[in-house]
K.L.:
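Below are the structure tokens for one structure; questions will follow.
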Amino acid sequence: MAPSTVFMEPDNLLTPKEKNKLRKPVVEKMRRDRINSSIEQLKLLLEKEFQRHQPNSKLEKADILEMTVSYLKQQRSFHKSSQFDFREGYSRCLQEAFHFLSLHKVRTETQTKLLSHFQKSQSAATEVPFSPGTPSTLKQASPKDASTLWRPW
């Protein structure tokens with residue numbers, strides 16, 4: 001068989017409409033490839049979750065997207081409840097420490113400072129929302145505040 005030659009017209013001979021007709025299938029294929037690649041990445045990221053819900057089944061793209069949305073909603077509600085649990089636990093811990101330190105009739109300077117610190121911490125805990133996994137918003141003490149800052153060492 002003799003090689004065939006395909007004659008391509010130079011770009012300047014094509015009208016804009018013809019250029020778009022030639023470009024459209026290529027652009028559409030690139031778009032579909034991006035979508036398919038992203039769906040495949042979701043499938044790999046959430047593979048264990050998918051196996052729990054539908055073991056031994058071939059997942060369609062729609063299934064992967066639906067299960068991903070469900071998983072993300074579940075994670076969001078879990079995150080909200082863990083924030084509430086943290087605040088509740090932190091507040092309870094402060095109350096217990098405050099109660100324990102208040103039981104002693106004779107107060108040392110350290111106990112007084114701790115009680116004062118816990119009272120400030122408790123009021124700050126109700127005002128400032130905390131997000132687990134993010135750094136706390138404590139201020140660094142300046143050298144002039146070092147005399148009023150309680151340290152256990």
Side-chain angles (χ1 to χ4, degrees), residues 1-99 113-153:
M1 247 169 100
S4 64
T5 57
V6 178
F7 178 73
M8 293 292 291
E9 294 182 35
D11 279 349
N12 57 357
L13 298 178
L14 294 174
T15 66
K17 192 172 186 178
E18 291 171 327
K19 287 180 187 177
N20 284 342
K21 273 189 175 183
L22 289 174
R23 217 179 285 142
K24 187 174 181 181
V26 174
V27 171
E28 180 62 21
K29 181 172 181 356
M30 289 171 47
R31 186 184 71 81
R32 285 192 317 269
D33 287 346
R34 283 180 37 228
I35 292 170
N36 290 336
S37 172
S38 295
I39 290 174
E40 189 61 31
Q41 287 177 30
L42 283 173
K43 183 179 176 183
L44 292 173
L45 286 170
L46 298 172
E47 192 169 18
K48 289 179 183 173
E49 188 69 20
F50 294 149
Q51 288 300 321
R52 254 185 5 156
H53 291 286
Q54 294 182 352
N56 304 323
S57 68
K58 181 172 178 356
L59 296 171
E60 294 180 0
K61 294 174 190 176
D63 295 331
I64 294 169
L65 292 173
E66 287 172 349
M67 293 176 96
T68 301
V69 168
S70 171
Y71 178 79
L72 290 173
K73 285 180 178 178
Q74 175 188 355
Q75 291 301 309
R76 184 173 57 184
S77 68
F78 174 75
H79 181 69
K80 286 181 181 178
S81 69
S82 65
Q83 279 184 329
F84 176 76
D85 291 345
F86 173 83
R87 284 190 198 128
E88 189 176 299
Y90 183 78
S91 178
R92 177 79 175 152
C93 181
L94 281 177
Q95 289 172 357
E96 289 292 325
F98 187 77
H99 176 72
K113 287 181 179 180
L114 271 173
L115 288 171
S116 173
H117 176 73
F118 286 152
Q119 284 175 331
K120 289 176 190 174
S121 295
Q122 191 167 19
S123 63
T126 58
E127 295 170 7
V128 178
F130 173 80
S131 176
T134 59
S136 64
T137 56
L138 295 176
K139 293 181 181 176
Q140 292 292 327
S142 63
K144 65 181 178 184
D145 293 337
S147 63
T148 60
L149 181 66
W150 176 81
R151 295 187 180 164
W153 57 86

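For clarity, every value in this text was computed on a predicted model and none was experimentally measured.
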K.L.:
With rounding to the nearest 0.5 angstrom, report the CE to NZ distance, Met67 to Lys43.
P.N.:
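With rounding to 0.5 Å, CE (Met67) is 11.5 Å from NZ (Lys43).
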K.L.:
Is Glu49 salt-bridged to Arg52, cutoff N-O under 4.0 Å?
P.N.:
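Looking at Arg52 together with Glu49, the answer is yes, because their closest N to O distance falls below 4.0 Å.
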K.L.:
Can you list everything that forms a salt bridge (charged side-chain N to carboxylate O under 4.0 Å, His left out) with Arg32? Sequence neighbours excluded, please.
P.N.:
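Arg32 satisfies salt bridge (charged side-chain N to carboxylate O under 4.0 Å, His left out) with Glu28 once adjacent residues are dropped.
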K.L.:
Applying side-chain hydrogen bond (donor to acceptor under 3.5 Å, both in side chains) as the test, list every pair that has at least one member in residues 60-71; sequence neighbours left out.
P.N.:
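Sorted result for residues 60-71: Asn36-Lys61.
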K.L.:
Would you compute the distance between atom CG of Leu45 and atom CD of Glu40 and round it to the nearest 0.5 angstrom?
P.N.:
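It is 10.5 Å, given to the nearest 0.5 Å.
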K.L.:
Under the side-chain hydrogen bond (donor to acceptor under 3.5 Å, both in side chains) test, which residues partner Glu96, sequence neighbours left out?
P.N.:
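Scan of Glu96 (side-chain hydrogen bond (donor to acceptor under 3.5 Å, both in side chains), adjacent residues dropped) gives Arg92.
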K.L.:
How far does CG of Leu44 sit from CD of Gln41, to the nearest 0.5 angstrom?
P.N.:
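Reported to 0.5 Å precision, the distance equals 8.0 Å.
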K.L.:
Which atom names give the shortest non-hydrogen contact between Leu14 and Lys19, and what distance separates them?
P.N.:
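Smallest interatomic distance, heavy atoms only, reads O-CE, 3.7 Å.
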K.L.:
Rounded at 0.5 Å granularity, tell me how far CG in Leu65 sits from CG in Leu42.
P.N.:
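CG of Leu42 is found 6.5 Å from CG of Leu65.
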K.L.:
Nearest 0.5 angstrom please: Ser38 OG to Ile64 CD1, how far?
P.N.:
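The distance works out to 11.5 Å.
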